[in-house]
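Have a look at the structure below before the remarks.
Start at 1 with the first residue, then count along the sequence. The model shown is predicted, which means the values in this text are computed figures rather than measured ones. The basis for the numbers below is simple: all heavy atoms, side chains too, and nothing from hydrogens, waters or symmetry mates.
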Amino acid sequence: VIIIPPPQKKSMAGMMLFHQVMKCVREGEICSKPKLTDKGLWEFQMRCYSANQWIYLNVAVEVDGPRVTKIYAIADGG
């Protein structure tokens with residue numbers, strides 16, 4: 001999982017963001033229709049409830065046949 005922008009390693013808040021993003025990728029639900037981009041990535045939005053707030057992520061997934069090779073998680077803050 002590649003997180004954009006990268007979380008800050010200096011603060012505890014940055015670590016919490018990393019854990020929230022990972023929880024959303026693992027346990028979240030897809031809340032938008034996946035669409036294929038011109039670069040061949042599938043993009044969609046995910047959300048989960050973490051730390052008393054909804055976390056939204058824009059996610060892009062790189063696939064090779066049926067295998068997911070890379071996941072790009074873009075923190076939205078929404």
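V25 approaches V1 most closely through the heavy-atom pair CG1-CG2, 4.3 Å. The nearest pair of heavy atoms linking C48 to G28 is CB-CA, 3.9 Å.
Two residues are said to be in side-chain contact when any heavy atoms from C-beta on lie closer than 4.5 Å; T37 and W42 fail this criterion. By the 4.5 Å heavy-atom criterion applied to side chains, K70 and I2 are counted as neighbours.
Note that CG of L41 is 8.5 Å distant from OG1 of T69, once rounded to the nearest 0.5 Å. Annotation: the span from M46 atom CE to E27 atom CD amounts to 10.0 Å, rounded to 0.5 Å. Note that NZ of K23 and CD1 of I55 are 9.0 Å apart. Values are rounded to the nearest 0.5 Å. Note that OH of Y56 is 6.0 Å distant from SG of C31, once rounded to the nearest 0.5 Å.
Residues passing the ring pair (Phe, Tyr, Trp, His ring centres under 6.0 Å) test with Y49, sequence neighbours excluded: W54.
Within the structure, the salt bridge (charged side-chain N to carboxylate O under 4.0 Å, His left out) test picks out the following pairs touching residues 34-49 (sequence neighbours left out): E29-R47.
S32 contributes a side-chain N or O that, together with a main-chain N or O of Q45, makes up a donor-acceptor pair within less than 3.5 Å. At distances below 3.5 Å, not a single donor-acceptor pair connects side-chain atoms of S50 with backbone N or O atoms of Q20.
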